[in-house]
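First comes the structure, then the notes that go with it.
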Amino acid sequence: MPLLVGLYDSSASRRSLDASLPLRRSNINTVIGEDTIDLDELAAKRTAGGGMLDSIANMANSILGAGSIQGLPYAVHQAGFVTGLFLLVILCGVTDWTIRLIVINAKLSGRHSYIEIMDHCFGSSGRAAVSFFQFAFAFGGMCAFGIIIGDTLPHVMRSIFPRIASIPVLSIFANRQFIITLCTICVSYPLSLYRDIHKLARASGLALVGMIIIVSSVLIEGPHVPAELKGDPSQRFSFIGSGIFQAIGVISFAFVCHHNSLLIYGSLRTPTLDRFAKVTHVSTLMSLVSCLVLAISAFLVFTDKTQGNILNNFPLDDTLINVARFAFGMNMFTTLPLELFVCREVVEQFFFSHEAFNLQRHVFFTTTILFASMLVALVTCDLGVMLEITGGVSATALAFIFPAICYIKLTDQKVPWYSRAKLPAVLCASFGVLVMVISLFLALAKSWTPEGEVKICV
């Protein structure tokens, strides 16, 4: 089973081990009828997977490491202070529920992946839709991570070593394209070759430390920025802003990790709904606290001058913020493999769902997908309107629409839609469709303005 090896193999090994089999140890193999059972292999499967802390680290990193947390102060600026914080809390709660809803759907349908759930509920059209949106969202994230690496680390190098750009040979370390290539090949690529997602837990833990540095840096340095960089104090506690729908899109994109949810569930050593619920609650709560601290502390300082990436609001020579920029860049190439896992498994599951794992195919798709995203990051400074369309629309579909409509389809059809069991799912799906349509309209409208032009790096 190419997708969710942890989920399938771990559950299968438990069924084998928990069954009442009259096993006798004879060296390392036991023969029952015509079947040979490798006891060492079964023992290895029993201990496969990671613990809850590993899964919490992966899920929290999938949320906080998405690169869009830096845009949350801008979302609060668009929606207004009170409305923005309200949206952060509400959408975090909805995200927590829909992440767990995907696993519940897997249980109800007897399937092991997001793709299989949609295929079970809506046939080939559902399978194609979720495959497209999963791949588009994850691949768009990979491209964005590469761009962020190129926009942060070279600047940090030039800040630490002001003359490095004029030194022969060493000047390449201040070059955007070289840094992206170096980080992708030497860090992201080896991490991406892992087959089991729980093996990224240590990298995810380091990435979370980096996010703590970023949030702390903004919290500490915000009050000390020069007066000319601060915003209008009278706008600090605004109630509602004109860009509330743009804010919903940004916040939704920030919290989406649904395409990783079944991978993380399958990576648990003992995958149960209760254990996964604890993982989800802790991860989303950690993410919400971090988002609130960053959004409040930054918006109260910069108000109407808040930029899309809050780190760009600070002076270029701010040492602590440069540390945060470095941590941000480092976070990106440890988070990128999580998105590549999704891209690779979508391809495997869609085209090779009935074939056994193949190492050559695994390496081929890992290499092709990773270097394709690197190529986009090398030549593009700003993905522009197309990334907004694929990111915003895909995030909404994966987080709000698909989990809800699958649950409605899998539950008793005799129960009316307005019943207590189905009404939350109906409201969630309706909200998702509304946000998707508005996000698509705003992105297309933006494409007709100079702001929507794609910027190419040469």
Side-chain angles (χ1 to χ4, degrees), residues 61-62 64-71 139-192 200 202-218 220-221 294 298 307-340 369-383 387 455-458:
N61 184 43
S62 187
L64 294 175
S68 53
I69 185 176
Q70 270 69 22
F139 185 79
M142 291 174 63
C143 296
F145 299 160
I147 292 171
I148 291 169
I149 291 172
D151 290 343
T152 54
L153 296 186
H155 174 72
V156 173
M157 292 295 294
R158 286 191 290 268
S159 298
I160 298 174
F161 308 104
R163 299 180 58 188
I164 192 172
S166 61
I167 301 176
V169 181
L170 293 181
S171 61
I172 60 174
F173 289 100
N175 180 270
R176 179 182 184 275
Q177 283 77 9
F178 176 79
I179 290 295
I180 293 174
T181 304
L182 179 68
C183 292
T184 301
I185 294 176
C186 296
V187 181
S188 297
Y189 187 54
L191 292 175
S192 299
L200 293 178
R202 300 297 179 269
S204 294
L206 291 175
L208 288 177
V209 172
M211 293 309 298
I212 293 173
I213 293 174
I214 294 171
V215 174
S216 301
S217 300
V218 173
I220 295 171
E221 289 297 303
L294 180 67
Q307 298 186 36
N309 181 351
I310 194 60
L311 296 181
N312 292 338
N313 277 99
F314 290 88
L316 298 180
D317 58 351
D318 190 311
T319 302
L320 187 56
I321 293 299
N322 280 333
V323 172
R325 291 185 176 113
F326 178 77
F328 192 24
M330 297 289 286
N331 192 7
M332 289 304 97
F333 62 73
T334 55
T335 306
L336 188 149
L338 286 173
E339 302 304 321
L340 189 139
I369 295 170
L370 182 66
F371 283 89
S373 68
M374 184 185 77
L375 180 63
V376 174
L378 286 173
V379 301
T380 310
C381 294
D382 184 1
L383 294 181
L387 183 58
K455 300 175 183 177
I456 302 298
C457 295
V458 294

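The structure presented is a predicted model; accordingly, all values stated were derived computationally and were not measured.
Note: L191 CG to L340 CG = 10.5 Å, rounded to the nearest 0.5 Å. Rounded to the nearest 0.5 angstrom, S159 OG and I164 CD1 are separated by 11.0 Å. If you take OG1 on T181 and CD1 on I172, they are separated by 10.5 Å, rounding to the nearest 0.5 Å. Put simply, CG on L378 and CZ on F178 are 12.0 Å apart, with the number rounded to the nearest 0.5 Å. Residue I310 holds its CD1 atom at 12.5 Å from CD1 of I214, rounded to the nearest 0.5 Å. A distance of 11.0 Å separates OG of S171 from CZ of R158, quoted to the nearest 0.5 Å.
For Y189, the OH atom counts as densely surrounded, since its 6.0 Å shell holds more than 12 non-hydrogen atoms of other residues, nucleotides or ligands.
You'll find the side chain of L311 reaches within 4.5 Å of the side chain of V218, heavy atoms only. I147 has its side chain within reach of R176: a pair of non-hydrogen atoms, C-beta onward, lies under 4.5 Å apart. Residues F371 and I185 have side chains in contact (heavy-atom distance under 4.5 Å, counting atoms from C-beta outward).
Shortest non-hydrogen contact noted between S188 and P337 is O-CG, 3.8 Å. Residue I369 comes nearest to F139 through the heavy atom pair O-CE1, 3.7 Å, listed as atom of the first residue, atom of the second, then distance. When all heavy atoms of F145 and E339 are compared, the pair lying nearest together is CE1-CG, 3.5 Å.
Without hydrogens or angle criteria, N313 side chain to Q307 main chain gives a donor-acceptor distance under 3.5 Å. The closest donor-acceptor contact from the side chain of S216 to the backbone of I213 lies at 3.5 Å or more, if one exists at all.
Of the options I149, L336, I180, a side chain to side chain contact (heavy atoms under 4.5 Å, CB included) to M374 is made by I180 and by none of the others.
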